[in-house]
2 protein chains.
Amino acid sequence: MSLEYAILGFLSYGPSTGYDLKRVFDSTVRHFWPADQSQIYRTLNRLGTQGYVGHELVEQEEKPDRKIYHLTEAGREEFLRWLATPHAPDEVREGSLIQVFFAARLPNEEIIRLAELQAEQTRERLQTLEALKPLLEEHAAQIGTRRDVFFWELTLEHGLAMTRAGLKWIESVIRRLKTPGNLPEAD
Amino acid sequence: MSLEYAILGFLSYGPSTGYDLKRVFDSTVRHFWPADQSQIYRTLNRLGTQGYVGHELVEQEEKPDRKIYHLTEAGREEFLRWLATPHAPDEVREGSLIQVFFAARLPNEEIIRLAELQAEQTRERLQTLEALKPLLEEHAAQIGTRRDVFFWELTLEHGLAMTRAGLKWIESVIRRLKTPGNLPEAD
DNA sequence: GCCCTATATAGGACACGTCCTATATAAGAC
DNA sequence: GTCTTATATAGGACGTGTCCTATATAGGGC
């Protein structure tokens, strides 16, 4: 569902091909809504049969013809309707916590090793997010207004805030794991 | 994948039926890994053909026969192998941020209304998580050791930390939206 | 009186997302 | 010289998860 509306949203800035949409996705919303190339094309197809987008064919030699998609009036209306509608939050899925949940089964050193790896991964995500900022600014300059950029940066801020919270948590976990007497021994 | 190992994990505490597993899920890991009833049964089935679990039939009248599942030796080994293996973090999917991303298209009051709804939903999740604590303690008393409970509570802590971070973020967003001159007008 | 919940399992249909492959060519990396 | 990247679209196969329904009965709420 969300992918559909993300695509309509980007098309509301102007016509685009599936290929370009994929690139815009990767440099803007990827950190909270990754999109597969294959799925973008399939979704554009579906949006077409629903009458929310149309496209013009531009013939090319030696490459597949480009399909330049644009919003229809119905598409713009549907997008704005969705945008103004409150939605239930997505359910959280954090597989790494399953490992934490059952970690009592492992020896202490093993747990600490895994926790430190997770801390490392979180730090990497922090860097990825920080590296996203310039990409986002770039696209902002090309397709967004200053008002758009305000909200784009809010989503990045959200990612940073959540990742920092995750890092704090795992670091505090590691500290407690290393403090003697904190972690009950296996019976 | 994760569901498979969560089931093996719970069966490592002792035999159980699909029905009981569903209830244990809902009161322990649901907040980071929700599981559908239907899917639990199908997964138990698959784990059976893989040789990781076995079951005994207990006949009942007027109700479907109970299948009491238990871990096989292969299942226990596979679970421990997985538990000690580092995994790549799950990708984040936060559909509500798509709305934020395109919010510039909406009038200011509308955005504030939506943001306040989201803050409210976040506060509700906070309450849900806090209500989970006693349920978790209950199951802890029944099937877990003190060492288990330590980790179970860590996952709950994680949920609380993330939710509080999300709440802080959305509250700061609302504050900024309400501060005049902060939010650029539409061109 | 009817609906919901509890107990217990199971399967069809479907939505959504991922992975891999195909088609075509050219430029640049190593 | 081979491999990767860029350009551009598309489909098969599969994995995972959701929703709804069926079966069977009893008890509690409104």
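Letters A, B, ... are given to chains in the order of the sequence lines, protein chains preceding strands, and every chain is numbered from 1.
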J.: Which nucleotide in the set dG17(D), dA10(D), dT16(D) lies at the smallest distance from any side-chain heavy atom of Tyr41(A)?
T.: dA10(D)
J.: Is it the case that the side chains of Arg176(A) and Ser172(A) hold a donor-acceptor pair, with the cut-off being a distance below 3.5 Å and no angle test?
T.: yes
J.: Which whole-number value in Å describes the distance from Ile40(A) CD1 to dA10(D) C1'?
T.: 13 Å
J.: Tell me which residues in residues 77-97 of chain A lie within less than 4.0 Å of DNA chain C, going by non-hydrogen atoms.
T.: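 Going residue by residue through residues 77-97 of chain A, none turns out to have a heavy atom under 4.0 Å of DNA chain C.
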J.: Are Arg23(A) and Asp26(A) close enough for a salt bridge, meaning some N to O gap below 4.0 Å?
T.: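 Not counted as a salt bridge, because no side-chain N and carboxylate O are separated by less than 4.0 Å.
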J.: Roughly how many Å is it from CD1 in Ile7(B) to C1' in dG17(D), rounded to a whole number?
T.: 13 Å
J.: Sequence neighbours excluded, which residues qualify as side-chain contact (heavy atoms from CB on, under 4.5 Å) partners of Ser38(B)?
T.: Asp36(B), Arg42(B)
J.: Report the residue from Phe151(B), Trp152(B), Phe79(B), Phe150(B) that forms a ring pair (Phe, Tyr, Trp, His ring centres under 6.0 Å) with Phe102(A).
T.: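 Going through Phe151(B), Trp152(B), Phe79(B), Phe150(B) one by one, the ring pair (Phe, Tyr, Trp, His ring centres under 6.0 Å) with Phe102(A) is satisfied by Phe79(B) alone.
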J.: Bend across the helix from dG1(C)-dC30(D) to dC30(C)-dG1(D), to 10°, with axes taken over 5 pairs at each end?
T.: 40°
J.: With sequence neighbours excluded, tell me which residues meet side-chain contact (heavy atoms from CB on, under 4.5 Å) with Ser27(A).
T.: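 With neighbours one apart ignored, the set is Leu135(A), His139(A).
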J.: Would Glu130(B) and Lys133(B) pass as an ion pair if we require N to O under 4.0 Å?
T.: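 Answer for the salt bridge query: no.
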J.: If you apply the rule side chain to side chain contact (heavy atoms under 4.5 Å, CB included), what do you find for Ile111(B) with Leu114(B), and how did you get there?
T.: CA-CA 5 Å; Ile111(B) 303 173; Leu114(B) 286 169; 5.8 Å; no
J.: Specify the separation, in whole Å, of atom CG of Leu3(A) and atom C1' of dG17(C).
T.: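 Nearest whole value for this atom pair: 9 Å.
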J.: Could you give the NZ-to-C1' distance, from Lys67(A) to dT7(D), as a whole number of Å?
T.: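 That distance rounds to 16 Å.
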J.: With a 4.0 Å heavy-atom cut-off, tell me which residues in residues 14-39 of chain B come close to DNA chain D, sorted by residue number.
T.: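 DNA chain D contact set from residues 14-39 of chain B: Trp33(B), Asp36(B), Ser38(B), Gln39(B).
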J.: Would you check if Leu177(A) and Glu116(A) make a side-chain contact, meaning some heavy-atom pair closer than 4.5 Å?
T.: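 No, side chains not in contact.
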J.: When you compare the side chains of Tyr5(A) and Glu78(A), does any donor N or O come within less than 3.5 Å of an acceptor on the partner?
T.: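 The answer is yes; a qualifying pair exists.
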J.: Hey, can you pull the residues of residues 42-56 of chain A with a non-hydrogen atom under 4.0 angstrom from DNA chain D?
T.: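 Correct list: Arg42(A).
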J.: So, are Lys168(A) and Glu171(A) salt-bridged, with charged N and O less than 4.0 Å apart?
T.: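 Looking at Glu171(A) together with Lys168(A), the answer is no, because their closest N to O distance does not fall below 4.0 Å.
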J.: Roughly how far, to the nearest 0.5 Å, is CG of Leu117(B) from OG1 of Thr85(A)?
T.: 11.0 Å
J.: Please report the distance, rounded to the nearest Å, between CE in Met1(B) and P in dC19(C).
T.: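 Taking atom P of dC19(C) as the reference, CE of Met1(B) is at 13 Å.
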J.: Please check if the number of heavy atoms outside Arg146(B) that lie under 6.0 Å from its CZ is greater than 12.
T.: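 Open: at most 12 neighbouring heavy atoms sit under 6.0 Å from CZ of Arg146(B).
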J.: Any salt bridge linking Glu91(A) with Arg30(B)? Criterion: basic side-chain nitrogen under 4.0 Å from a carboxylate oxygen.
T.: yes
